[in-house]
Amino acid sequence: MNRRNVFLSLLITVVTLCGCGARYAVTGIERSRVLIDKRYDAANDAELQAFIAPYKQRVDSLVAPVVGRAGCNMSAGRPESSLSNLMTDILVWAGQRCGEQPQFAVYNIGGMRAAIGEGDVTRGDIINVAPFDNKVCFITLTGEQVQRLFEQIAKRGGEGVSSSVRLVIDKNRQLKRATIDGKPIDPKAQYRVATNDYVVQGNDGMPAFKEGTQLVTPQTEESNVRYVMMDYFREQMKAGKPVCGKREGRIIIE
């Protein structure tokens, strides 16, 4: 379930509870973070451990298998980061399985929910990075729409863009220059873009995607971003290659 659906479900629940009778009313909302660390291991509840043991075994069997190896530590951030570079390049790579040839890809920084540490990468690690049921998708934008998209990305201080893209933005988050494959954007040309189905709806401050055409969104489970990532890591592991996204000046602030 993506974040929009989670929000809508929560909203419906609140409205329903408020409408059940006059006894209940929302008077405020508070939140806090609870650090879960080894201090909780000191009080071992044998009965609880026995209860969760069969479930733990099942969960471990699903998340523990190694799907590849990371050659470096990777995390997400703006304006550019090792993990966002990797994620967008994986979306371009995914085009081949869908008969697509995207010229570039965009991935929202907010959709990357964990880092990847150097060493073995498990299914659980990938699920932590991409926990939502977002699917890879492809859309066509005109050059004018791409220009607006890059302006929106600049306004956000950067988002994930694939290796063919180079953006230069100023300290006020205004786009100064943009190229694709080393060439200026042709306002009359059409560009095939890979992204995920959350972003393509115009979310995370990128409404230019809503102007696109020829949307292709594969609906198979294998098209979920996390499974595409796993397949990419497996392919690289089979070839004996560790995976390492690197910062390379895709988005520069001047």
Side-chain angles (χ1 to χ4, degrees), residues 74 76-112 130 134-218 223 225 228-229 232 244-254:
M74 292 174 278
R78 293 183 170 89
E80 175 191 9
S81 65
S82 53
L83 184 58
S84 60
N85 285 357
L86 173 66
M87 293 289 282
T88 49
D89 289 347
I90 288 177
L91 292 188
V92 173
W93 170 86
Q96 61 185 332
R97 63 164 56 182
C98 301
E100 295 280 352
Q101 294 182 319
Q103 288 147 290
F104 69 94
V106 174
Y107 205 101
N108 54 321
I109 296 295
M112 307 171 205
N134 296 133
K135 291 180 169 57
V136 176
C137 64
F138 307 90
I139 194 168
T140 296
L141 299 178
T142 67
E144 292 179 350
Q145 292 163 348
V146 169
Q147 181 71 24
R148 284 196 290 276
L149 172 63
F150 288 162
E151 290 171 355
Q152 291 160 6
I153 289 175
K155 187 175 181 180
R156 293 181 60 79
E159 294 287 353
V161 294
S162 58
S163 60
S164 61
V165 176
R166 292 294 184 271
L167 304 180
V168 178
I169 63 180
D170 64 23
K171 295 180 180 180
N172 295 317
R173 297 188 173 185
Q174 299 297 311
L175 182 66
K176 296 178 65 176
R177 295 187 299 278
T179 61
I180 299 174
D181 289 323
K183 300 177 182 179
I185 299 167
D186 181 351
K188 301 302 181 184
Q190 292 192 330
Y191 296 86
R192 198 67 173 157
V193 189
T195 186
N196 64 63
D197 58 0
Y198 176 77
V199 173
V200 85
Q201 297 171 27
N203 294 310
D204 272 5
M206 292 178 276
F209 273 115
K210 294 193 293 184
E211 305 172 27
T213 59
Q214 302 176 46
L215 175 63
V216 173
T217 307
S223 298
V225 170
V228 173
M229 287 182 66
Y232 178 82
C244 183
K246 297 181 180 180
R247 297 178 62 178
E248 53 188 19
R250 299 183 187 184
I251 304 179
I252 298 174
I253 298 178
E254 290 186 345

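Count residues from 1 along the sequence.
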Original post:
Hey, what's the ring geometry for Trp93 with Tyr232, parallel, tilted or perpendicular (30° and 60° as the breaks)?
Top reply: perpendicular

**OP:** Calculate, to the nearest 0.5 Å, the distance between atoms CD and OG1 belonging to Gln201 and Thr195 respectively.
**Re:** 10.5 Å

Original post:
Taking 4.0 angstrom as the limit, do Glu254 and Lys171 come out as a salt bridge?
Top reply: no

Original post:
Roughly how far apart are Gln101 CD and Gln96 CD, rounded to 0.5 Å?
Top reply: 10.5 Å

**OP:** Evaluate the side-chain proximity of Glu248 to Ser163: yes if any heavy-atom separation is below 4.5 Å, no if none is.
**Re:** yes

Original post:
If you measure only the distance, is there a donor-acceptor pair under 3.5 Å linking the side chains of Asn134 and Asn196?
Top reply: no

**OP:** Calculate, to the nearest 0.5 Å, the distance between atoms CD1 and CD1 belonging to Ile180 and Ile185 respectively.
**Re:** 5.0 Å

**OP:** Indicate the atoms forming the closest heavy-atom contact of Lys246 with Glu80, along with that distance.
**Re:** O-OE2, 4.4 Å

**OP:** Please examine the side chains of Lys155 and Glu151, heavy atoms only from C-beta on, and report whether any two atoms are closer than 4.5 Å.
**Re:** no

**OP:** Please examine the side chains of Asn108 and Arg156, heavy atoms only from C-beta on, and report whether any two atoms are closer than 4.5 Å.
**Re:** no

**OP:** Taking all non-hydrogen atoms of both residues into account, name the closest pair between Pro218 and Ser223 and its distance.
**Re:** CB-OG, 3.1 Å

Subject >> Closest non-hydrogen atom pair between Phe209 and Gly202, with its separation >> reply: CB-N, 4.4 Å

Subject >> Minimal non-hydrogen separation, Arg192 against Thr213, with atom names >> reply: NH1-O, 3.9 Å

Subject >> Minimum heavy-atom distance between Leu83 and Ala76, given as atom pair plus value >> reply: CB-N, 3.8 Å

Original post:
CD1/Ile153 to CG/Leu175 distance, rounded to the nearest 0.5 angstrom?
Top reply: 9.0 Å

Subject >> Note, Val165 side chain near Arg250 side chain (heavy atom, < 4.5 Å) >> reply: no

Original post:
For Ser84, which of Ile251, Asp89, Val106, Ile109 qualifies under side chain to side chain contact (heavy atoms under 4.5 Å, CB included)?
Top reply: Ile109

Original post:
Which value, rounded to the nearest 0.5 Å, describes the distance between Cys244 atom SG and Asn85 atom CG?
Top reply: 10.5 Å

Subject >> Phe104 side chain near Leu149 side chain, heavy-atom distance below 4.5 Å >> reply: yes

**OP:** Search all heavy atoms of Leu91 against all heavy atoms of Phe138 and return the closest pair with its distance.
**Re:** O-CE2, 4.3 Å

**OP:** Side-chain contact test, heavy atoms from C-beta onward, threshold under 4.5 Å: evaluate it for Arg177 versus Arg166 and give yes or no.
**Re:** no

Original post:
Just by modelled atom types, is the Asn172 backbone N or O under 3.5 Å from a matching donor or acceptor in the Asp170 side chain?
Top reply: yes

Original post:
Has the side chain of Tyr107 got a donor or acceptor atom that lies under 3.5 Å from a matching backbone atom of Ser162?
Top reply: no

Original post:
What is the distance from atom CD of Glu211 to atom CZ of Arg148, rounded to the nearest 0.5 Å?
Top reply: 4.0 Å

Original post:
Less than 4.5 Å apart, any side-chain heavy atom of Arg97 and any of Val228?
Top reply: yes

